[in-house]
2 protein chains.
Amino acid sequence: MLEAGLRVLRAKGIDAVTMRAVAAELDTGPASLYVYVANRKDLLDLMFDAVAASIDLGPEPDPTQWREQLEALAYRIVEAMDDHPGIARVPLANVPTGQGAARVADRTLALLRAGDVDDRSAAWFIDVVSLYINATAYETSIYMSEGTTEDNIDEQIRDDFARLAADEFPNLTRLMGPLTSGTGEERFAFGLRLLINGLLNTPPPPA
Amino acid sequence: MLEAGLRVLRAKGIDAVTMRAVAAELDTGPASLYVYVANRKDLLDLMFDAVAASIDLGPEPDPTQWREQLEALAYRIVEAMDDHPGIARVPLANVPTGQGAARVADRTLALLRAGDVDDRSAAWFIDVVSLYINATAYETSIYMSEGTTEDNIDEQIRDDFARLAADEFPNLTRLMGPLTSGTGEERFAFGLRLLINGLLNTPPPPA
DNA sequence: ACCTGAACACCGTTCAAGT
DNA sequence: ACCTGAACACCGTTCAAGT
């Protein structure tokens with residue numbers, strides 16, 4: 001049943017994962033799913049955990065390379081989400097507590113520990129970086145589901161902005177170039193570098 | 001009509017903002033709304049922009065206080081979102097381009113400029129910090145709509161985790177204390193400090 | 001005891017018919 | 001010309017009835 005849900009998710013995105021669609025995939029009616037899951041939210045939670053469980057954790061944490069390893073893990077997480085359009089909405093809506101998610105969180109903490117990051121900073125950082133990764137993946141999935149390319153987005157942003165009074169927003173006007181520059185990957189990589197640099201330059205939160 | 005929508009939003013959250021509910025607020029049928037908006041997404045976009053327009057931008061950017069001003073602005077944005085449960089999902093789903101949102105973005109850029117931040121860094125940073133603010137606000141709204149308190153969340157995280165094999169997730173086990181410590185506000189403040197410190201310690205992205 | 005057909009109470013959106 | 005009642009094509013979930 002989980003597999004049927006994941007098939008629908010991969011093929012048509014999270015909004016297409018209706019109880020009826022998953023039931024149809026199993027040649028039965030929607031009521032039958034309630035034998036296995038409590039409700040649709042429960043099904044989506046299970047599906048997210050399955051996606052998390054499929055993520056390659058990479059090599060064991062190496063103190064001399066923890067940063068590169070952490071960034072590489074983040075890219076693989078986004079990749080897994082991109083293969084399952086919209087699933088990133090699930091961890092945004094509630095803290096995931098399944099095995100698959102725990103596995104990824106535990107490895108993330110292990111990498112931060114390999115980097116000698118303070119315990120409390122590490123614990124709070126994982127929330128910040130997860131929010132960033134999930135929000136990025138969710139945004140990407142929306143653009144993909146609308147069939148929007150990056151060029152289209154930039155073009156539309158410029159168009160929408162052109163409709164606003166330029167002199168009312170001088171900074172947006174002046175920075176329109178940088179604002180629409182770079183690919184999604186480049187921007188994500190910049191944000192990730194920024195987050196880790198921030199972690200390394202912020203005192204641990206007071207206990 | 002926008003006002004009717006905002007009333008429903010404030011009272012019952014974004015999921016309750018159905019075409020039927022907004023129409024009922026106006027003593028008419030759902031079909032009548034289509035005279036003013038193209039569809040529900042359009043209505044929600046307009047509502048988000050109205051919320052953004054209501055945000056107090058605070059005093060003019062001061063180069064000696066730009067950082068405190070930027071943080072204070074971020075808090076006010078989250079506050080406005082918290083008063084309109086779930087509206088933060090809108091800017092997560094697509095780049096907002098209305099007047100209200102442009103106003104806030106322009107002020108954010110002005111503050112970064114007052115802090116002498118590189119143009120390209122500022123332009124890319126605004127995406128990162130917006131994602132962080134919106135994702136935080138969205139998460140908060142979900143907990144509130146479920147009537148969940150912070151204590152309940154921590155308790156449930158501990159419970160859920162207790163069901164997992166402790167020895168399989170040694171880092172989560174070891175850090176359970178820090179992981180469930182602090183209030184939502186403290187964690188948000190830490191993340192915001194971290195983001196700004198990251199900005200100040202990351203070279204601008206290459207052109 | 002287990003599964004599910006049919007029904008219930010909702011949705012967003014369309015369009016023909018009314019004013 | 002403008003507005004909208006009624007209908008269409010969907011939802012998630014429940015529960016009585018079947019096996």
Side-chain angles (χ1 to χ4, degrees), chain A residues 1-50 84-94 96 138 141-143 145-148, chain B residues 1-50 84-94 96 138 141-143 145-148:
Chain A
M1 208 220 43
L2 234 175
E3 283 72 23
L6 289 168
R7 273 197 301 276
V8 177
L9 176 63
R10 274 191 289 264
K12 308 212 222 162
I14 197 167
D15 286 336
V17 181
T18 64
M19 300 306 267
R20 283 171 153 83
V22 176
E25 189 81 9
L26 296 166
D27 280 314
T28 182
S32 305
L33 302 184
Y34 290 84
V35 177
Y36 308 100
V37 294
N39 48 41
R40 180 168 182 261
K41 180 181 175 306
D42 188 29
L43 171 60
L44 293 177
D45 285 349
L46 291 172
M47 285 170 50
F48 169 75
D49 204 62
H84 298 87
I87 195 70
R89 199 171 60 197
V90 172
L92 278 178
N94 49 272
Y138 182 53
S141 75
I142 304 251
Y143 294 138
S145 79
E146 288 170 351
T148 325
Chain B
M1 209 221 38
L2 234 175
E3 284 71 23
L6 288 169
R7 274 197 300 276
V8 177
L9 176 64
R10 275 190 290 263
K12 307 214 222 161
I14 197 168
D15 286 336
V17 181
T18 64
M19 300 305 268
R20 284 171 152 83
V22 176
E25 190 80 9
L26 296 166
D27 280 315
T28 182
S32 305
L33 303 183
Y34 290 84
V35 177
Y36 307 99
V37 295
N39 49 41
R40 180 167 182 261
K41 181 181 175 306
D42 188 29
L43 171 61
L44 293 177
D45 286 348
L46 291 172
M47 285 170 51
F48 169 76
D49 205 63
H84 298 88
I87 195 69
R89 199 172 59 198
V90 172
L92 278 177
N94 49 270
Y138 182 54
S141 75
I142 304 251
Y143 294 137
S145 79
E146 288 170 353
T148 324

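Computation of the quantities below employed the complete heavy-atom set of this structure, encompassing side-chain atoms and omitting hydrogens, waters and symmetry-equivalent molecules. Below, chain A is the first sequence line, B the second, and so on; all start at residue 1.
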Taking all non-hydrogen atoms of both residues, which atom of [X] and which atom of [Y] are closest, and how far apart?
X	Y	value
A/Tyr138	A/Ala88	N-CB, 3.6 Å
B/Ala21	B/Ala16	CB-O, 3.4 Å
A/Gly5	A/Met47	O-CE, 3.5 Å

### Task
Name the residue closer to the 5' end of DNA chain D, choosing between B/Arg20 and B/Thr28 according to the nucleotide with the nearest heavy atom.
B/Thr28
### Task
If D/dG12 has a Watson-Crick or G-U wobble mate with both distances under 3.5 Å, name it; if not, just say none.
C/dC8
### Task
Identify the nucleotide, in any strand shown, that forms a Watson-Crick or G-U wobble pair with D/dC3, with both distances under 3.5 Å; if there is none, say none.
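Looking at the geometry, D/dC3 pairs with no nucleotide.
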#### Entry: Closest-nucleotide ordering on DNA chain C, the 5'-leading residue of A/Ala31 and B/Tyr34
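It is A/Ala31, whose closest nucleotide lies nearer the 5' terminus.
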### Message
Could you tell me the boundaries of the chain B footprint on DNA chain C, defined by atoms under 4.0 Å from its heavy atoms?
### Response
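Span of nucleotides near chain B: C/dC11 to C/dC15.
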### Query
Among A/Asp15, A/Val17, A/Leu44, whose side chain to side chain contact (heavy atoms under 4.5 Å, CB included) with A/Leu9 holds?
A/Val17
### Task
Might you work through the side-chain contact (heavy atoms from CB on, under 4.5 Å) test for B/Leu33 and B/Leu26, ending with a clear yes or no?
CA-CA 10 Å; B/Leu33 303 183; B/Leu26 296 166; 4.1 Å; yes
### Task
Any chance you could measure B/Leu6, atom CG, to B/Met1, atom CE, to the nearest 0.5 Å?
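So the CG of B/Leu6 and the CE of B/Met1 are separated by 9.0 Å.
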